[in-house]
Amino acid sequence: MAQDASVPASFSSVPILDWSLVETAGGKAKFKEQLRHALVNVGFLYLSNPPVARADMNALIDYTPRLFDLPQEEKDAIRMANSPHFFGYSRLGAELTKGKTDQREQFDFGTPYNSHWRPGDPEYLKLWGPSQWPKEELVPGFKDVYLRYLAQVEQLSYDFITLVAEVFELSDEALKPFFPGGSRPRPGLLQHRSKIVKYPARKEGESDQGVGPHYDGGFLTFLVQASDHPGLQVQNLAGEWIDAPPIPGTFVVNIGKALETVTQGLARATSHRVLSPAPGSTPRYSIPFFQNVAQEICIGDFVLDLKPEILKLKDARGQVGVVDSVNYAEYGQYPTGYVNLIGRVKSHPDVAERHYPDMFKQFFPDGLPAQGSAY
């Protein structure tokens with residue numbers, strides 16, 4: 001169950017923060033205090049009253065089951081294997097996490113971006129580009145609603161990361177290496193990813209793994225839980241799984257591995273998973289938005305210079321216990337674009353075989369596997 005923002009460091013629930021507080025000086029100070037706690041001790045939070053039109057959120061939620069109800073041939077027409085940018089449709093059970101099948105079906109989309117990749121450029125620059133969309137006549141108005149929603153969440157992500165910098169007593173200048181054009185770049189300078197995901201009810205005797213334990217990769221994730229099913233769980237400092245049930249009108253916000261790395265572990269990326277709905281239930285739907293940073297930078301070269309008294313907050317938190325997630329260990333070694341491309345190639349080998357043949361041979365010397373697995 002969710003609770004107010006003031007909870008013990010070894011958390012047993014996910015705090016709720018009210019975005020409307022930032023509209024006044026006194027409220028903003030309270031919000032930042034709560035945000036600091038959530039960033040350092042939990043790595044997850046609910047955001048109520050977000051600056052995203054509720055009508056657009058609700059419209060997108062209403063469209064979600066209609067996407068998956070499209071004829072299979074229409075979904076396959078925009079299958080991910082068509083796209084060098086890893087956008088499009090993925091069938092149920094196409095991916096593994098930690099050796100077990102993820103029981104989810106999904107569509108991947110991105111914020112608008114014109115690909116700048118040219119032959120001879122690093123291959124990871126090819127990762128950003130146009131999305132694939134279902135035919136307008138099949139889901140009239142869907143693309144317009146989704147793009148309008150994405151533009152609002154993109155702006156929220158910039159406003160939010162600016163508050164993160166303030167909470168850790170960093171200047172706007174500190175964020176410039178990560179965001180071309182500053183911490184509020186104009187649309188089109190970066191590409192952020194989003195998904196629309198369906199977790200069908202499991203059959204009797206089947207695994208309950210909707211998606212297995214993992215970390216997110218970038219700076220911030222903003223998730224709409226688009227049905228009233230529980231299933232999202234986050235792992236606390238002691239390794240216990242804590243429920244994060246849906247709260248209508250909120251985002252679930254969590255920290256990615258890149259933000260954890262550049263803050264020297266102060267902002268905490270938290271292991272999380274999704275359990276499939278129970279047998280006989282209806283499907284669970286979710287809509288995550290993943291905030292990216294500049295592709296060319298190596299995160300390990302841009303670790304932020306935090307004040308000693310701020311870093312001490314990490315010591316007060318204590319050590320993180322054993323968790324079940326191990327992905328994104330490459331951060332700090334390679335450019336972020338390449339780290340992300342590695343994850344995409346391993347998760348979607350059919351796309352890699354078609355569009356990244358050299359990397360495909362590197363990671364799959366025995367040929368195309370039946371399923372992809374990032375780790």
Side-chain angles (χ1 to χ4, degrees), residues 1-54 57 152-179 182-185 218-224 234 236-237 242 244 247-256 258-260 262-270 289 291 293 303-318:
M1 180 178 295
Q3 69 173 42
D4 190 72
S6 299
V7 294
S10 187
F11 66 94
S12 58
S13 59
V14 176
I16 304 171
L17 278 68
D18 182 353
W19 183 261
S20 68
L21 289 174
V22 305
E23 296 171 2
T24 67
K28 186 176 181 181
K30 180 179 179 182
F31 183 91
K32 288 166 64 175
E33 180 182 355
Q34 295 174 344
L35 178 59
R36 179 183 289 185
H37 166 80
L39 293 170
V40 175
N41 296 308
V42 184
F44 264 77
L45 60 97
Y46 291 95
L47 188 66
S48 65
N49 296 310
V52 175
R54 187 70 180 269
M57 291 178 70
Q152 294 173 78
V153 182
E154 180 177 8
Q155 185 57 53
L156 169 60
S157 77
Y158 299 144
D159 293 341
F160 199 97
I161 199 66
T162 300
L163 283 174
V164 171
E166 291 180 20
V167 160
F168 291 153
E169 299 184 16
L170 295 165
S171 70
D172 251 8
E173 294 291 314
L175 297 177
K176 280 191 173 180
F178 310 108
F179 298 102
S183 58
R184 292 181 177 85
F219 264 24
L220 297 167
T221 300
F222 295 81
L223 171 74
V224 170
V234 301
N236 71 8
L237 295 170
I242 307 300
I247 300 177
T250 67
F251 284 100
V252 177
V253 184
N254 66 279
I255 308 306
L259 186 56
E260 179 183 80
V262 301
T263 61
Q264 304 181 53
L266 183 60
R268 183 168 174 256
T270 299
F289 173 101
Q291 183 188 49
V293 296
V303 173
L304 296 168
D305 186 17
L306 295 161
K307 296 177 181 177
E309 59 269 28
I310 298 295
L311 276 175
K312 283 181 180 177
L313 296 169
K314 182 172 64 172
D315 299 331
R317 175 183 67 203

### Task
Could you list the residues that satisfy side-chain hydrogen bond (donor to acceptor under 3.5 Å, both in side chains) with S20, not counting sequence neighbours?
D18
### Task
With sequence neighbours excluded, tell me which residues meet side chain to side chain contact (heavy atoms under 4.5 Å, CB included) with P248.
R54
### Task
Using the test ring pair (Phe, Tyr, Trp, His ring centres under 6.0 Å), find all partners of F44 that sit at least two apart in sequence or belong to another chain.
H272
### Task
Quick one: list whatever passes salt bridge (charged side-chain N to carboxylate O under 4.0 Å, His left out) with E169, sequence neighbours left out.
R36, K307
### Summary
side-chain hydrogen bond (donor to acceptor under 3.5 Å, both in side chains) filter on T221, not counting sequence neighbours, yields D216
### Message
Between Y46 and F251 (judged by ring centroids, cut-off 6.0 Å), do the two rings come close enough to count as a pair?
### Response
no
## Note on the structure
side chain to side chain contact (heavy atoms under 4.5 Å, CB included) filter on A269, not counting sequence neighbours, yields Y215, K257, E260
### Message
Tell me every residue that passes side chain to side chain contact (heavy atoms under 4.5 Å, CB included) with A29, counting only those two or more places apart in sequence or in another chain.
### Response
none
### Summary
Residue set satisfying side-chain hydrogen bond (donor to acceptor under 3.5 Å, both in side chains) with E309, at least two apart, ordered chain then number -> none
### Query
Sequence neighbours excluded, which residues qualify as salt bridge (charged side-chain N to carboxylate O under 4.0 Å, His left out) partners of E23?
none
### Query
Out of D159, V52, T250, which one pairs with W19 under the side chain to side chain contact (heavy atoms under 4.5 Å, CB included) rule?
D159
### Query
For E166, which residues count as a side chain to side chain contact (heavy atoms under 4.5 Å, CB included) partner, sequence neighbours excluded?
K28, K32, T162, L163
### Task
Under the salt bridge (charged side-chain N to carboxylate O under 4.0 Å, His left out) rule, collect the residues that match up with K314, sequence neighbours excluded.
none
### K312: salt bridge (charged side-chain N to carboxylate O under 4.0 Å, His left out) partners, not counting sequence neighbours
none
